[in-house]
Amino acid sequence: MKEGTAQSAIYRKDYTAYPWDVTQLDLHFDIGIETTIVCAEMEFRLKDGDSADLVLNGSDLDLLVIELNGRLLAPDEFRIDGETLTIPDAPQHSALKTEVKIHPGKNSALEGLYLSGDFLLTQCEAEGFRKITWFPDRPDVMTSYRVTMEADKTEFPVLLSNGNQVGSGDLPGGRHWVCWHDPFPKPSYLFALVAGDLALVEDHFKTCGGRDVSLRIYVEKENLDRCSHAMQSLVNSMRWDEDRFGLEYDLDVYHIVATNDFNMGAMENKSLNIFNSKYVLARPDTATDADYQGIEGVIGHEYFHNWTGNRVTCQDWFQLTLKEGLTVFRDEEFSADMQSRAVKRIQVIRDLRSRQFPEDDGPMAHPIRPDKYVEINNFYTATVYQKGATVIRMYHTLLGEQGFQKGMQLYFDRHDGEAVTCDDFLAAMADANQVDLEHFGRWYGQSGTPQVQVQDRYDPARGLYTLTLEQHTPSTPDQQDKQPLVLPFALGLLDTDGHELPLQLEGEPDAVTGTRLFVMDKTRHEFTFTGIANKPVPSLFRDFSAPVKVYFGYSPDQLATLIEHDSDPYTRWDAAQRMAQNTILEQCQMRARGQEMALDGSLVKAFRGALSDLDTDPALLAETLKLPDEEYLSDQMDVVDVDGIHAARLFVKQELALELEPLLQQRYTSLNDGQPYRKTAAAMARRSLKNTCLGYLMETAQGEALANAQLEASDNMTDTLAAIQALVLKGLPAAATALSAFESRWAGDALVMDKWFMMQAVKPGSETLGTVRRLMEHPEFSIRNPNKVRALIGVFAMLNPTGFHAADGSGYAFLADFVIELDGLNPQVAARMVTAFNRWKRYDEDRKALMQTQLQRIADTHGLSGDVAEIVKHALA
Ligand code: 7MF
Ligand code: ZN
């Protein structure tokens, strides 16, 4: 949104169809960094009637020419009002021609057409196209684009847009032109253009239908040797979508362009994806295993959008989860099929709990399909994406893979080429399977995380075991009254030796072995199982079958049984997290009461058991051993005790390290086998566990020596980063040396230097703010680069609670200053940063007052963007 623009909310209920069809669109770009001239020739046909107002969107455009049906319009024949241009009573057939001037070199918001390095590129989702030309910039207006670009041939040898290249040629004065045509009608948010001196890596993919697709990744020349993993991931994505979903690619070219300057992860523009270089570029010495997995996931995500997003798109932006929840579900499944399903699942759930649950419990709580927004960019949230994906997963759980695929098939049969709603998706799933999903549909409209209270009763005389489940969703600022939701409830019961019990409900003829799936659709449910010889241990919501918070009074012994024996990897992991969480929160309470912290033996015993099990996938074991993060732990307290949580978590880590040192060391040594780097899943799993062990061993006397030796011997970024991060977190003298060697080695390498900033920003304690301030003066830091802002300021504000929440409020004042400055340059990224204050009401009185003061100071800033204003207004409400 434009700076200082008065905000008014947009409501889902106010949707009306656009009265015009756009039957033709020709765009002509005269490309220059200072000035680009955009000429648009559009043909509009009124759907009904003889004439109507013709309304277009535009923002920051210098209008040079406007012609209707071949005639220049006089100033009184149209009006411009904020971001809309209206031609009153335009005739049924209206050919409109506009010419505008824009200034990509001055565009610091990185929305619309802008400069990155020395090339130009676009970002249009959600409403960036209006910063390029006047157009009905809404997703339900779809048309086929023809795009001609002309530019200096030396400065801009590569000129790309969507679809197929249909012409090119030289022009006088060292200039040239290229023309692209995209045969698939698309909304404006999928438009893209790239102009510059880029190098490319090429491969091919033969589709199941025999189409030979040319795959090209465009990067700056020095990065040509970092594209192979992205290319491999693209080929794997294309094959996977054919194998698992029966979906084939539909054009002869697929282009990816990598840029260092991008507000988000990547963008699915038709056949011309644009990616944050973080999700393309990788070499073993520059990228970690997590980076490699991130690339695979994001390449998959953008590719999968071709069907779920592009071929079938959203009617309006309230339906965003229609394409995003579904596409996240698809990329999660892709990664699960490529890597370890269990590990991927656990990472997804961990992420949901530490990012989405807090959002759903904060001032910005909203349903996956919101009812209102001010700035749509603020609704690209963990709720719309991650929670949206859990809703898609529940369809899958309820209908099974086959039923789900039948629903997908019907969805495409009905809606290919259309802009539709979440209701259309639900209807396709319901109709294809002849089931009633109306009640299930409440997931789209209700915000907040449901809580499920579980109670059990055992009757030894009759061998009956009864589970009672009650669901309740607390009210949220956006919505008081909540209704019961449909919850798939996957259950197993273990006997005290950890054997899985056959499940037979009262009145059922037979017992069934293995996980049973029940569907809860009321507030309260009771399940009574027969033939139970001893009081069992319930394994609840296996595979996290519904995105809920589960409350059950597990005893330490019961948790130990689950950790050791449960067949479901999620519930095993969750049991370990529960035990660790209980232990840490107990220590935190003891500390708050001024008592010495002291562990009882159960967590040590459970972790000892886990570490001794040599059969478990090392990556899965690593997940089990990772203690719940401070953000998640904070969420479990009524008033967040910042320092208490940090101290208690560290204490537990230290105790575990001391008690388990020999085992940890044994594991570490056997995994640290000196083998050269390999990219295989097995090698990544080993590095994951090795570096988790190193994290614990840093709390023992041998830590520093191990980290130094690992750093010395490392041939890959995963091990290097783990070692340096370990030294930095412990504040060891070797840290400074390691950091400065790293800096000299990687100076000028933007992505690797991001890691260098992050390692320092995340260091706990109040001194880190000084470090962050100093690093902002570093020549490689730039407030104009979103990756740098996220690496240094984002990491400090979101992942360093003892730093950001320093008791004197210095972290808060710093972030407020920063947000105000950034807002003048890049409102979208500024709005992301300011969300660090969102949960201010959950802290102690002193911190609350300090945060409120800073929020108010931001709110009072003159010329604040609508993006930041919306977040701050909700936070203060
Ligand atoms: C994987 O969704 C998961 C989520 C919008 C930009 C990419 O394809 C996208 C774009 C935002 C936040 C997260 C993601 C994206 C965006 C994303 C990327 C990869 N349509 Br904003
Ligand atoms: Zn997406």
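Side-chain atoms of S144 come within 3.5 Å of backbone atoms of D182 as a donor-acceptor pair (strictly under, hydrogens ignored). N162 places a side-chain N or O within 3.5 Å of a backbone atom of L190 that can act as its donor or acceptor partner. The backbone N or O of D137 sits less than 3.5 Å from a side-chain atom of N57, completing a donor-acceptor pair. A side-chain donor-acceptor contact under 3.5 Å links E375 to the backbone of N377. Proximity of a side-chain donor or acceptor of T308 to a complementary backbone N or O of F304 within less than 3.5 Å is detected. Without hydrogens or angle criteria, D289 side chain to M717 main chain gives no donor-acceptor distance under 3.5 Å. With hydrogens and angles disregarded, a donor-acceptor distance shorter than 3.5 Å links the side chain of S865 to the backbone of V868.
Checked for salt-bridge contact, D337 and K344 miss the test: no charged N lies under 4.0 Å from a carboxylate O. By the 4.0 Å N-to-carboxylate-O rule, K221 lies close enough to D197 to be salt-bridged with it. Salt bridge annotation for E780-K788: absent, with no cationic side-chain nitrogen under 4.0 angstrom from a carboxylate oxygen. Under 4.0 Å is where a charged nitrogen must lie from a carboxylate oxygen, and between K387 and E359 no such pair does. D371 has a carboxylate O that lies under 4.0 Å from a charged side-chain N of R12, or vice versa, which qualifies the two as a salt bridge.
With Y249 as the aromatic partner, R211 does not meet the cation-pi criteria of under 6.0 angstrom to the ring centre and within 45 degrees of the ring axis. Taking the centre and axis of the six-membered ring of Y145, the NZ or CZ atom of K186 falls inside the cone set by 45° and 6.0 Å.
Taking H874 as the reference, nothing meets the ring-ring contact (aromatic ring centres under 6.0 Å, His included) condition, with sequence neighbours excluded. With sequence neighbours excluded, the residues that form a salt bridge (charged side-chain N to carboxylate O under 4.0 Å, His left out) with D351 are R355. Among residues two or more places apart in sequence or in another chain, the side-chain contact (heavy atoms from CB on, under 4.5 Å) test is passed with I349 by R345, R353, F544, Y570, W573. Contacts of Y380 classified as ring-ring contact (aromatic ring centres under 6.0 Å, His included), with partners at least two apart in sequence or in another chain: none.
Sorted by first and then second residue, the pairs that involve residues 224-238 and meet salt bridge (Lys or Arg N to Asp or Glu O under 4.0 Å), not counting sequence neighbours, are D225-R283, R226-D749. Annotation: salt bridge (Lys or Arg N to Asp or Glu O under 4.0 Å) contacts involving residues 260-271, sequence neighbours excluded, comprise D250-K270, E268-K323.
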- Task: Any chance you could lay out the salt bridge (charged side-chain N to carboxylate O under 4.0 Å, His left out) test for E332 and R393, step after step, and finish with the verdict?
- Result: CA-CA 10 Å; E332 287 175 8; R393 186 172 294 281; 3.0 Å; yes
- salt bridge (charged side-chain N to carboxylate O under 4.0 Å, His left out) between R330 and E333: does it pass, once the steps are laid out? CA-CA 5 Å; R330 277 153 52 71; E333 282 298 294; over 6 Å; no
- Message: Pair R369, D423 - check salt bridge (charged side-chain N to carboxylate O under 4.0 Å, His left out), show working.
- Response: CA-CA 11 Å; R369 182 185 58 199; D423 295 333; 3.2 Å; yes
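The two residues V280 and I217 make their nearest non-hydrogen contact at CG1-CG2, 4.0 Å. Scanning both residues, V298 and A266, for their nearest heavy atoms gives CG1-CB, 3.7 Å. Nearest heavy atoms, E127 versus W317: OE2-CD1, 3.9 Å.
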